[in-house]
Visitor: 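The structure follows.
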Protein chains: 2
Amino acid sequence: MTISDISRIRRFNRAVTREVGALDHSFLGRGRPLGAARVLNAIGQGIDEVGALRANLGLDSGLLSRLLRGLEGEVLITLARDDADGRRRRARLTPAGQAEFEAYETLSDTRATDLLAAHPNTSALLTAMDLIATTLGREEIEIAETDPRAEAAIHCLEAYYAELAARFDGGFDVSLSCDPEAASMTAPRGAFFVALSDGMPLGCVGLKGTDLGYAEIKRLWVAPSARGLGLARKLMTRAEAAAQKLGITTLRLDTNAALTEAQAFYRNSGWHEIPRYNDDPYPTHFFEKAVAAPGA
Amino acid sequence: MTISDISRIRRFNRAVTREVGALDHSFLGRGRPLGAARVLNAIGQGIDEVGALRANLGLDSGLLSRLLRGLEGEVLITLARDDADGRRRRARLTPAGQAEFEAYETLSDTRATDLLAAHPNTSALLTAMDLIATTLGREEIEIAETDPRAEAAIHCLEAYYAELAARFDGGFDVSLSCDPEAASMTAPRGAFFVALSDGMPLGCVGLKGTDLGYAEIKRLWVAPSARGLGLARKLMTRAEAAAQKLGITTLRLDTNAALTEAQAFYRNSGWHEIPRYNDDPYPTHFFEKAVAAPGA
DNA sequence: ATTTATAGCTGACTAAAGTCAGGCAAATGA
DNA sequence: TCATTTGCCTGACTTTAGTCAGCTATAAAT
């Protein structure tokens, strides 16, 4: 092969290094050094505690302090002591600071829009970006408990339904399926989890409580860009731990033969096949797993 | 849609900004400031003229001069006057400089290898990187005349044959086709061009001279990651200009019905269909175009 | 043979980033 | 309650990056 894998990655590195440099340069156009701009942006993103800013930007305490003083001097931010802990201080944007923050946002968005317009196949470009961002950020994927009606959860569920529709021979219509009520997947009856990578939902799983002596695992899904990173297992582990806490001892789930990789996953993570236990038209295979008691 | 296109791009930006920062940081681990490391790397890549370094790294003359002095002090490089132009100076790595350069290369390669290992679908990751690097670098794609036996040309041709094999119903075997001899696609009989983006070949076209009163356009191909950027037209324009220079007045080409987008492209760029003019088994459609005389 | 332009260098600066020791006030823990 | 820790700050630095005017040598143009 004439073009090695590594040389392709390094070409990518050069391209994005140039791009990052160009964005930094465009930020300088607002007459503020990069350090100050970064702090302002972080505050705009909602990172308001001084300590969190320090951690997030990797700045020395003294340096950050001076940058904050500078932004205060420009009347872009105000700092106030935290009510709960008087040592801590919280930064807030003033109206002028908000305007300035938005100006930086606009610079970023304009670059992003230009990039989108540059390629005829927008969807392929975005998919490529998602894949790379997910791969680069794989260490920082967190699993958060959330309401199944929250935005991130709905995003996952819609993607999940769309995928089922594409993969099932006769399509998929949620309304024909036993769509679990949200209440059955929230405390104290059940739980719902999403995997988040820098804010983007990449996967979900629901634990649905029932009155039938078992709970069900529902809506286990991982985004295509994140498959192979072991996310399904992480989500499942979280759901099982939640079940344990709720005193649930038996878990069940159903799946369709078309989802071959899902079946393989269940079989090699402690589930065993059982007879049909519901009359949902979509599933073809049914599994059960015993959950150890909390103290065991 | 809950996740906007722009937010996806910005997540990508954050991910690569972090990655670029991490790579810079790992470079600092060799005890040399980034500026000096960059200069050393550029010299290692073969950029040896001081002026070229300045242009390439975007450095001020004075600053670069000082950085070069520093590297000379570390005995990593030597500077000697250019034989052809005594004002110019050329940098060369000493053995110690070569070793140091290679240490930086290893750092880069290790990161690249780790990244590759991080994702189960290596080929998808690389394809995504190619697409993004090409999109980001779209302004700097250059079209270079080259020998059809050169590495970049062969890379394109192999990809072209592989694509034909995949798209033609009965596959494609070069040896059954009229594979033009390299000599017919080099001066003074013809020409061969490749499109290069930061060293990666993204497309090609051959101008094949014949003794039959016309020349042929052969092997017009654009990499999937670069389609939609107008590269085919650029390549064709270059080939036509080369034909003009060689005094060729009539161009012909053949194509297969399976390549629908190619046919559309020929029709809307001045070509008209003519009867079959050869007995190659693969083509189904034949085109001709008149080239204006040089002086016209 | 001059004049002019070019390539690179040096000196003298400034701005930005980063480091580190110490200080103070609030919170925490024995 | 009092020592200790924590969170943030200030002062006093250094290093890195970057700018700019002017210098010298070579080369090119007239």
Side-chain angles (χ1 to χ4, degrees), chain A residues 17 20-43 47-74 76-92, chain B residues 17 20-43 47-74 76-92:
Chain A
T17 301
V20 167
L23 184 59
D24 283 356
H25 196 82
S26 85
F27 273 13
L28 287 176
R30 296 207 60 81
R32 198 167 290 110
L34 230 47
R38 269 197 259 271
V39 173
L40 186 66
N41 270 289
I43 296 172
I47 306 174
D48 62 346
E49 293 175 26
V50 175
L53 285 169
R54 210 157 45 216
N56 229 281
L57 301 169
L59 292 176
D60 171 85
S61 152
L63 180 49
L64 175 60
S65 195
R66 253 176 283 272
L67 290 171
L68 289 172
R69 222 80 315 116
L71 292 172
E72 256 183 331
E74 290 189 77
L76 297 174
I77 62 167
T78 54
L79 282 150
R81 51 169 284 168
D82 185 299
D83 291 330
D85 184 339
R87 292 167 303 182
R88 283 202 167 79
R89 303 190 71 196
R90 285 175 179 278
R92 285 187 64 167
Chain B
T17 301
V20 167
L23 184 59
D24 283 357
H25 197 83
S26 85
F27 273 14
L28 288 176
R30 297 206 60 80
R32 199 167 289 109
L34 232 46
R38 269 198 259 270
V39 173
L40 186 67
N41 270 290
I43 297 172
I47 306 173
D48 61 347
E49 292 175 27
V50 174
L53 285 169
R54 210 156 42 217
N56 230 282
L57 301 170
L59 292 176
D60 171 84
S61 153
L63 180 51
L64 175 61
S65 195
R66 253 176 284 272
L67 290 171
L68 289 171
R69 222 79 318 114
L71 292 171
E72 254 184 331
E74 290 188 77
L76 297 174
I77 62 166
T78 54
L79 282 149
R81 51 170 283 168
D82 186 300
D83 292 330
D85 183 339
R87 292 168 302 183
R88 285 203 165 78
R89 304 189 72 198
R90 284 174 181 279
R92 284 188 63 169

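Letters A, B, ... are given to chains in the order of the sequence lines, protein chains preceding strands, and every chain is numbered from 1. All heavy atoms count here, side chains included; hydrogens, waters and symmetry mates do not.
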Visitor: Listing time: all N or O pairs from protein to nucleotides 10-12 of chain D that are below 3.5 Å?
Guide:
{"unit_1": "D/dT10", "atom_1": "OP2", "unit_2": "A/Arg69", "atom_2": "NH1", "d": "3.1"}
{"unit_1": "D/dG11", "atom_1": "N7", "unit_2": "A/Arg66", "atom_2": "NH1", "d": "3.1"}
{"unit_1": "D/dG11", "atom_1": "O6", "unit_2": "A/Arg66", "atom_2": "NH2", "d": "2.7"}
{"unit_1": "D/dA12", "atom_1": "N6", "unit_2": "A/Arg66", "atom_2": "NH2", "d": "3.2"}

Visitor: Let me know the distance between CG of A/Leu57 and C1' of D/dC8, rounded to the nearest Å.
Guide: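 Atom-to-atom, A/Leu57 to D/dC8, this comes out as 16 Å.
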Visitor: Which residues pass the side chain to side chain donor-acceptor pair (under 3.5 Å) test with A/Asn56, sequence neighbours left out?
Guide: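 A/Asn56 satisfies side chain to side chain donor-acceptor pair (under 3.5 Å) with no other residue.
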Visitor: Using the side chain to side chain donor-acceptor pair (under 3.5 Å) criterion, which residues pair with A/Arg30? Sequence neighbours excluded.
Guide: A/Glu100
Visitor: In whole angstroms, how far is the C1' atom of C/dC20 from the CG atom of A/Leu64?
Guide: 16 Å
Visitor: Quick one: list whatever passes side-chain contact (heavy atoms from CB on, under 4.5 Å) with A/Leu63, sequence neighbours left out.
Guide: A/Leu59, A/Asp60, A/Leu67
Visitor: Quick one: B/Arg88 CZ to D/dT24 C1', roughly how many Å, whole number?
Guide: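 From B/Arg88 CZ to D/dT24 C1': 17 Å.
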Visitor: Tabulate protein N/O versus nucleotide N/O from nucleotides 1-4 of chain C, keeping only pairs under 3.5 Å, one per line.
Guide:
none

Visitor: Answer yes or no: are there more than 12 heavy-atom neighbours, outside A/Arg92 itself, under 6.0 Å from its atom CZ?
Guide: no
Visitor: Between CG of A/Asp82 and CG of A/Asp48, what distance do you get to the nearest 0.5 Å?
Guide: 8.5 Å
Visitor: Looking at side-chain heavy atoms only, is the closest gap between B/Leu68 and B/Arg89 below 4.5 Å?
Guide: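 They are not in contact (no side-chain heavy atoms under 4.5 Å apart), so the answer is no.
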Visitor: Nearest-Å distance, CG (B/Leu79) to C1' (C/dA7)?
Guide: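 After rounding, the reported distance stands at 13 Å.
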Visitor: Taking side chain to side chain donor-acceptor pair (under 3.5 Å) as the test, write out the residues that go with A/Arg66, two or more places apart.
Guide: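 Expected list: none.
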Visitor: Rounded to the Å, how far apart are A/Asp48 CG and D/dC8 P?
Guide: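 Rounding to the nearest Å, CG of A/Asp48 and P of D/dC8 are 11 Å apart.
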Visitor: Ignoring hydrogens and angles, write down the donor-acceptor pairs under 3.5 Å from the side chains of residues 35-42 of chain B, residues two or more places apart or on other chains.
Guide:
{"unit_1": "B/Asn41", "atom_1": "ND2", "unit_2": "B/Ala37", "atom_2": "O", "d": "2.9"}

Visitor: Near DNA chain C, counting only heavy atoms under 4.0 Å, which residues of residues 27-34 of chain A show up?
Guide: A/Pro33, A/Leu34
Visitor: Which distance, rounded to the nearest 0.5 Å, do you find between the CG of A/Leu71 and the CD1 of A/Ile77?
Guide: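 One gets 4.5 Å once the value is rounded to the nearest 0.5 Å.
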Visitor: Round to a whole Å and report the spacing from CD of B/Glu49 to P of C/dG8.
Guide: 8 Å
Visitor: Quick one: side chain to side chain donor-acceptor pair (under 3.5 Å) partners of B/Asp85, sequence neighbours excluded?
Guide: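 Here the qualifying residues are B/Arg87, B/Arg88.
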Visitor: Could you list the residues that satisfy side-chain contact (heavy atoms from CB on, under 4.5 Å) with A/Ala52, not counting sequence neighbours?
Guide: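 A/Ile47, A/Glu49.
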Visitor: Does any N or O in the side chain of B/Arg54 come within less than 3.5 Å of the main-chain N or O of B/Val50, such that one atom is a donor and the other an acceptor?
Guide: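 The answer is no, because no donor-acceptor pair under 3.5 Å joins these two groups.
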Visitor: Could you work out, with side-chain contact (heavy atoms from CB on, under 4.5 Å) as the rule, every residue matching A/Thr17, not counting sequence neighbours?
Guide: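 Once residues adjacent in sequence are excluded, the partners of A/Thr17 under the side-chain contact (heavy atoms from CB on, under 4.5 Å) criterion are B/Val20.
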Visitor: Answer yes or no: does a side-chain N or O of A/Arg54 lie under 4.0 Å from OP1 or OP2 of D/dG7?
Guide: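 Checking A/Arg54 against D/dG7: no side-chain N or O falls below 4.0 Å of OP1 or OP2.
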Visitor: Polar-atom pairs under 3.5 Å, protein N or O versus N or O of nucleotides 27-30 of chain C: list them with distances, or write none.
Guide:
{"unit_1": "C/dA27", "atom_1": "OP1", "unit_2": "A/Gly86", "atom_2": "N", "d": "2.6"}

Visitor: Return whichever of B/Arg89 or A/Leu59 has its heavy-atom-nearest nucleotide of DNA chain C closer to the 5' end.
Guide: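 Nearest-nucleotide comparison on DNA chain C picks B/Arg89.
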Visitor: Between P on C/dC9 and CG on B/Leu53, what's the gap in Å once rounded to a whole number?
Guide: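 Value for this atom pair: 10 Å.
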Visitor: Hey, mind stepping through B/Glu72 and B/Leu79 against side-chain contact (heavy atoms from CB on, under 4.5 Å) and telling me if it holds?
Guide: CA-CA 8 Å; B/Glu72 254 184 331; B/Leu79 282 149; 3.7 Å; yes
